[in-house]
Amino acid sequence: MQTFQVKTSAHSCAVDITSGVDAVLKEMAARDGVCLVYVAHTTAAVIINEGADRDVMDDVLDTLDTMVPWKGAYKHAEGNSAAHVKSILAGGSVQVIVDSGRMVLGTWQKIFLLDFDGPRTRKIFVHFTGERTVSP
Ligand code: ZN
């Protein structure tokens, strides 16, 4: 398992982390198997979705903001319950098949870190299970 950090730049934002995951897989000499990408935070998420049109992620974030408004009748004293709820809705991890050292992603797919309570530095965990080109 390896980690890398991502600095987010807004309160609510999507950061394309595909190249960061890819770099870790190359360091791991990953060849054929499955890659787990996980964010160890309770107000962020990791998803796979369209990366070609930036408007898609804006629409996703706007829709989540509408579904789960920042202000509401929440009990959590920290005041960021909306971020916790959105983190649950979006999910904290994804799995990607790795074939011949490359992640199997669709033409338009990218891996995104979603931050719902930024800006912060978020830690991404990458775990690969499978065959490697060299022994670890
Ligand atoms: Zn909280």
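For ligands, and for the atoms within them, numbers begin at 1 and follow the listed sequence.
Paired with Leu114 under the rule side-chain contact (heavy atoms from CB on, under 4.5 Å), one option of Lys86, Met57, Arg122 passes, and it is Met57.
Side-chain atoms of Thr8 and Asp115 form a donor-acceptor pair, as typed in the model, at a separation below 3.5 Å.
Residues satisfying the side-chain hydrogen bond (donor to acceptor under 3.5 Å, both in side chains) test with Thr121, not counting sequence neighbours, are none. Under the side-chain hydrogen bond (donor to acceptor under 3.5 Å, both in side chains) criterion, Thr129 pairs with His127, sequence neighbours left out. For Lys123, the side-chain hydrogen bond (donor to acceptor under 3.5 Å, both in side chains) criterion is met by no residue, not counting sequence neighbours.
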Step by step, would you call Asp99 with Asp32 a side-chain contact (heavy atoms from CB on, under 4.5 Å)? CA-CA 5 Å; Asp99 181 57; Asp32 294 309; 3.6 Å; yes
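Around the Zn ion (ligand 1), protein atoms of type N, O or S found under 2.8 Å number 4.
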